[in-house]
Amino acid sequence: MKITPIALPTVVAGLEDEAARAALQRLVQQWRERRTRNELRRTYYDGHNKLKDLGISIPPSLKGLEVVIGWPAKAVDSMSRRTILDSFTSTEGSEELLAEVQRIWDDNFMAAEVPAAHTSALMHSCVFVFVHRGRPDVGEPEVMVTARDAEWATGEWNARTRSLSSALSIVDIDQATGKPTAMNLYLPGVVYVIEQVPSVGIYQVVDVQVHSMGVPVEAIPYRPLLGRPFGRSRITRGVMYLTDSAVRTMLRTEVGAEFYNAPQRYALGAEEDAFVDKGGNPVPAWTVMLGRLLTLSRDEDGQLPTVGQFAQQSMQPNIEQLRSIAQQFSAETSLAVGSLGIVQDNPSSAEAIKAANDELGLEIEHWERTTLGPAWQRIMRRALAMTSDSPAALAAARSLRVRWGSWATPTEVSQAQASQARVTAIPRLAETEVELERMGYTRDEIERIQSEWRRAQGGSLLQVLAAGNLPAGTGQPAAQPVSADGASDAAADANDAVADANATKAKADAMGVLIRAGVEPQDAARRVGLEGVRFTGAVPTSQLEGV
């Protein structure tokens with residue numbers, strides 16, 4: 001594998017702080033040490049890995065044949081495409097908080113950035129996500145969330161704080177020379193922006209950004225360990241070995257196909273000159289073996305040589321070997337053998353397919369629960385902290401949680417049946433967004449459903465009001481019997497007060513429905529019989545919920 005030479009600077013003009021210079025040297029050294037393995041894994045992912053020939057059964061003329069096995073990419077993509085960050089939720093139900101989160105999400109195109117970051121983490125063992133202020137004057141969002149793979153970023157891990165103590169990001173390179181032209185050095189409370197001066201070729205600090213966010217970089221590893229905090233790649237040594245073995249097997253199959261279509265022949269009693277060309281040079285053995293026509297003359301005794309053909313070899317051993325390699329690859333990556341192109345004699349049942357995917361599903365759920373979820377929550381909290389320094393807003397940001405899409409593909413019928421069973425056991429689940437999420441609806445679909453519910457409820461109420469009636473429950477309760485001694489008078493007065501309070505509450509609820517349906521507040525108050533109500537302009541949280 002050819003590695004493109006890239007020189008990173010360890011001496012930067014304007015970087016006067018001794019600790020900053022030492023951190024830069026350590027980061028550059030660490031990046032250099034990891035670069036070869038990172039590029040090697042990308043090579044396997046892209047299918048550009050070279051043939052590792054054992055020098056036994058593959059003829060020289062066919063060693064240049066390009067054979068590609070896409071299994072490493074399959075190992076990565078099969079997991080990343082099932083790791084779906086659907087949305088963020090808040091345990092406090094703050095609509096303003098979620099609206100700000102959605103704005104940051106949309107401004108940074110995170111619907112595309114997040115899956116790409118997951119793919120890079122699986123390929124290289126980790127990915128680095130940077131949060132920093134943007135420049136709206138040049139078209140950047142107010143807060144920028146950008147991800148860099150391990151080929152272009154690195155960091156130092158602090159085991160005490162369980163976070164990065166420093167990080168380096170290569171922002172831009174010269175496409176002609178491959179040399180970095182812009183880098184960012186992240187240290188606690190400060191970011192050094194380093195650029196190359198084109199005229200002299202040296203690097204210098206062009207900007208120093210001071211902040212109070214510590215090191216605003218989050219490392220997202222895959223399968224981290226205590227002694228290996230940056231995790232491990234999904235393209236393991238076992239995956240690479242099995243891929244090389246599969247490539248050799250496929251090439252042997254290609255060679256076997258050539259012999260199958262051009263069977264080997266033999267000649268007994270043939271003269272030596274039958275195997276030399278007109279210039280007296282020996283004919284290459286492969287030319288004789290692959291030749292379609294062989295011309296032989298009689299010997300000095302007038303006898304013709306005995307010519308025959310060997311039995312054609314079978315390619316079945318190669319096919320069986322490829323099947324065996326695929327089964328080992330399946331065990332290494334928790335993929336179903338069928339997803340590797342190996343067709344079983346008997347079609348798999350739905351239960352067998354689910355069982356084959358369960359192991360990968362458990363791996364996905366473990367990664368989401370232990371690593372991805374906490375990491376993306378911290379990233380979004382940092383982004384929110386850059387938009388507001390309000391203590392209340394920062395406290396609300398700690399209620400953020402990540403909602404993950406299902407890695408499985410259940411049918412709509414099975415989801416509906418499971419939902420019915422849950423609601424039967426706990427009826428109030430039918431009133432929650434959680435149950436809609438469990439049924440497989442996306443965030444956008446849930447918002448549309450709730451919006452249509454509110455419009456339908458508002459329309460029904462308008463029809464009731466147009467008929468001159470209030471909703472049920474606003475009338476007076478049945479009269480209480482009066483006792484002979486008149487002791488029920490006080491109870492009757494209390495009942496009247498309760499009835500008046502219930503009627504007022506019903507009117508207020510009806511007014512709230514009208515306002516949410518788009519009716520002007522004063523007009524809504526008049527329609528339900530609450531003329532003279534004064535509005536403060538405040539919108540209570542309860543008014544965001546359905547009545």
Side-chain angles (χ1 to χ4, degrees), residues 4 6-15 17 19-35 37-39 42 108-110 112-114 116-121 123-135 138 140-141 143-158 163-175 177-197 203-211 213-221 229-231 375-376 378-380 382-383 386:
T4 305
I6 298 179
L8 287 184
T10 55
V11 178
V12 176
L15 192 62
D17 185 75
R21 290 200 299 267
L24 178 61
Q25 291 178 352
R26 292 194 303 270
L27 290 168
V28 169
Q29 180 63 27
Q30 179 172 281
W31 178 83
R32 287 172 176 167
E33 292 174 353
R34 302 290 191 276
R35 181 167 174 249
R37 301 298 297 182
N38 286 332
E39 288 205 4
R42 178 170 55 80
N108 287 275
F109 301 98
M110 293 181 68
E113 190 82 355
V114 170
H118 292 169
T119 300
S120 294
M123 187 193 314
H124 293 123
S125 80
C126 71
V127 68
F128 298 90
V129 181
F130 300 81
V131 182
H132 51 91
R133 297 188 183 276
R135 296 178 54 190
V138 297
E140 295 178 350
V143 176
M144 294 191 66
V145 180
T146 56
R148 296 278 176 183
D149 61 38
E151 285 192 75
W152 303 108
T154 189
E156 290 184 299
W157 183 256
N158 187 325
S163 61
L164 294 175
S165 59
S166 63
L168 178 67
S169 171
I170 301 174
V171 179
D172 196 13
I173 64 171
D174 187 335
Q175 296 297 332
T177 63
K179 292 183 178 179
T181 57
M183 299 180 298
N184 291 340
L185 174 63
Y186 295 82
L187 297 175
V190 62
V191 179
Y192 293 95
V193 180
I194 303 171
E195 294 183 359
Q196 185 183 36
V197 181
Y203 292 85
Q204 67 177 10
V205 176
V206 298
D207 188 22
V208 178
Q209 302 173 0
V210 180
H211 56 82
M213 300 294 295
V215 179
V217 185
E218 188 74 31
I220 304 181
F230 293 120
W376 284 115
R378 289 191 295 268
I379 290 167
M380 191 56 69
R382 284 196 179 101
M386 290 189 178

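For the atom pair CZ (Arg135) and CE (Met144), the distance works out to 10.5 Å, reported to the nearest 0.5 Å. Rounded to the nearest 0.5 angstrom, Glu195 CD and Asp207 CG are separated by 9.0 Å. Going from atom CZ of Arg133 over to atom NE2 of His211 covers 10.0 Å, rounded to the nearest 0.5 Å. Interatomic distance, Thr154 OG1 to Arg32 CZ, rounded to the nearest 0.5 Å: 12.5 Å. Remark: Arg378 CZ to Arg382 CZ distance equals 7.5 Å, nearest 0.5 Å. The OG1 atom of Thr181 lies 3.5 Å from the CG atom of Asp172; values are rounded to the nearest 0.5 Å.
Side chain of Tyr186 to main chain of Gly155: no donor-acceptor pair is present (N/O by atom type, distance under 3.5 Å, no hydrogens or angles). A donor-acceptor contact shorter than 3.5 Å is absent between the side chain of Gln204 and the backbone of Val197.
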Does Leu24 form a side chain to side chain contact (heavy atoms under 4.5 Å, CB included) with Tyr192? I'd like the steps, not just the answer.
CA-CA 10 Å; Leu24 178 61; Tyr192 293 95; over 6 Å; no
List the steps and the verdict of side chain to side chain contact (heavy atoms under 4.5 Å, CB included) for Val191 and His132.
CA-CA 9 Å; Val191 179; His132 51 91; over 6 Å; no
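Contact of the Trp376 side chain with the Val114 side chain is registered, since non-hydrogen atoms from C-beta on lie closer than 4.5 Å. The shortest side-chain heavy-atom distance between Phe230 and Arg34 does not fall under the 4.5 Å cut-off. Between Pro141 and Asn108, some side-chain heavy-atom pair lies under the 4.5 Å cut-off. His124 places a side-chain heavy atom less than 4.5 Å from the side chain of Arg42. Using a 4.5 Å heavy-atom threshold, the side chains of Met380 and Val145 count as separate. For the pair Phe130/Ser169, a side-chain contact is recorded, criterion being any heavy-atom separation below 4.5 Å from C-beta on. The closest side-chain heavy-atom distance from Leu185 to Val12 is not below 4.5 Å. In this structure, the side chains of Ile220 and Ile379 come closer than 4.5 Å at one or more pairs of heavy atoms.
For the residue pair Glu33 and Gln29, a side-chain donor N or O sits within less than 3.5 Å of a side-chain acceptor on the partner. Looking at Glu156 and Ser166, their side chains do bring a donor and an acceptor atom within 3.5 Å of each other.
Note on ring orientation: taking the six-membered ring where Trp is involved, the planes of Trp31 and Trp152 are tilted (angle from 30° to 60°).
The shortest non-hydrogen separation linking Pro221 to Cys126 is CA-CB, 3.8 Å. Nearest heavy-atom pair, Ile170 versus Pro180, reported as atom, atom and distance to 0.1 Å: CG2-CB, 3.9 Å. The minimum heavy-atom distance linking Ala117 with Ala147 is given by the pair CB-CB, 4.0 Å. For the pair Pro188 and Ser165, the tightest heavy-atom approach, listed with the atom from each and the gap, is CD-O, 3.4 Å. Across Glu151 and Asn38, no two heavy atoms sit closer than the pair CG-CB, 3.9 Å. Ser120 and Val127 make their closest contact through CB-CG2, 4.2 Å (heavy atoms, listed as atom of the first residue, atom of the second, distance).
Applying the salt bridge (Lys or Arg N to Asp or Glu O under 4.0 Å) test to Glu140 and every residue at least two apart in sequence or in another chain returns nothing.
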